[in-house]
Number of protein chains: 2
Amino acid sequence: MFKDLDPLLHSQLRLGVMSILISAVEADFVFIREKTNSTAGNLSVQIDKLRDAGYISVEKSFKGKMPRTTCRITPEGVTAFEKYVEDLNSYLQKK
Amino acid sequence: MFKDLDPLLHSQLRLGVMSILISAVEADFVFIREKTNSTAGNLSVQIDKLRDAGYISVEKSFKGKMPRTTCRITPEGVTAFEKYVEDLNSYLQKK
DNA sequence: TAAACCAGTTTATAATATAAACCTAATATT
DNA sequence: AATATTAGGTTTATATTATAAACTGGTTTA
């Protein structure tokens, strides 16, 4: 009846990160932090988890002299996100 | 950009319980346990939380000699569920 | 009458999310 | 030129949550 929901995606902040990345080519740390209204510490941890799962790739570079962290969704991330959305539908059928 | 998700509903098991109850007049403990494929202990805890929040009502009776726990969704529960589904949509927009 | 079973509850533990504290370097202030 | 402030994070500690294990009270079966 109900599909198991990917626990990595069933988290408000990680889902927000994935939601941003699925509709953008890339997004940097500060942009994501602002859009998700999260703290840097929490975002840092959640980005690590998404990267460890292979759902996103993370690239560190410099914008001028300042560090910059850029995230992109991977093909596996796209697949996982789409599956999550589909699985979620098993819970949301209206009466 | 993203709506905060009601933490009480953003839980696989509690969402499953609410999903069952929104489309049924009532459902008993055993039925819910089977449909959600959960353990009795976990379900007991999650049902308490939903009841404490006023999202469901819980009635204890006997079916013959055996105890029976029947759950129903409350109007507040319906409202909360509908809001959750709507808020969730802010995360699920497809590219 | 003992063993197994049903319908749960309580409690302990594991997992997770979040915030607080910290780090390194750049820029602005006195 | 020192000192404070800001930027862009990371690490670590704590609070919350989910889950499983153990237990309770009663019932049915052998």
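- In this entry the distance linking CG of D48(A) with C1' of dT18(C) reads 15 Å, nearest Å.
- Both M1(A) and I73(B) are part of a single hydrophobic cluster, where members link through side-chain heavy atoms under 4.5 Å apart.
- With hydrophobic clusters built from ILVMFWY side chains whose heavy atoms lie under 4.5 angstrom apart, L15(B) shares a cluster with L8(B).
- Residues R72(B) and L21(B) come closest through the heavy atom pair C-CD1, 4.2 Å.
- The nearest pair of heavy atoms linking T74(A) to S57(A) is CG2-N, 3.8 Å.
- In this structure, K83(B) and D6(B) have side chains that are not in contact, with every pair of non-hydrogen atoms separated by 4.5 Å or more.
- Side-chain contact between T36(B) and I20(B) is present, with at least one heavy-atom pair separated by less than 4.5 Å.
- Between the CZ atom of R33(B) and the C1' atom of dC6(C) there is a distance of 9 Å, given to the nearest Å.
- I47(B) and V30(B) are members of different hydrophobic clusters when ILVMFWY side chains are connected at heavy-atom separations under 4.5 Å.
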Provide a list of protein-nucleic acid N or O atom pairs under 3.5 angstrom, restricted to nucleotides 18-21 of chain D.
unit_1  : atom_1 : unit_2 : atom_2 : d
dA18(D) : OP1    : R14(B) : NH2    : 3.0
dA18(D) : OP2    : R14(B) : NH1    : 2.4
dA18(D) : OP2    : R14(B) : NH2    : 3.2
dA18(D) : OP2    : K49(B) : NZ     : 3.4
dT19(D) : OP2    : N42(B) : ND2    : 3.4

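- Between F2(B) and Y91(B), the ring planes lie parallel to each other; the angle is under 30°, not in the 30° to 60° tilted range.
- Between the side chain of T79(A) and the backbone N or O of P75(A), at least one donor-acceptor pair lies under 3.5 Å.
- Taken residue by residue, residues 50-72 of chain A places heavy atoms nearer than 4.0 Å to DNA chain C at K65(A), M66(A).
- No side-chain heavy atom of L5(B) sits under 4.5 Å from any side-chain heavy atom of L9(B).
- Within the helix from dT1(C)-dA30(D) to dT30(C)-dA1(D), the inter-axis angle between the opening and closing five-pair segments is 20°, rounded to 10°.
- Atom CD1 in I32(A) sits roughly 12 Å away from atom P in dT10(D) (whole-Å rounding).
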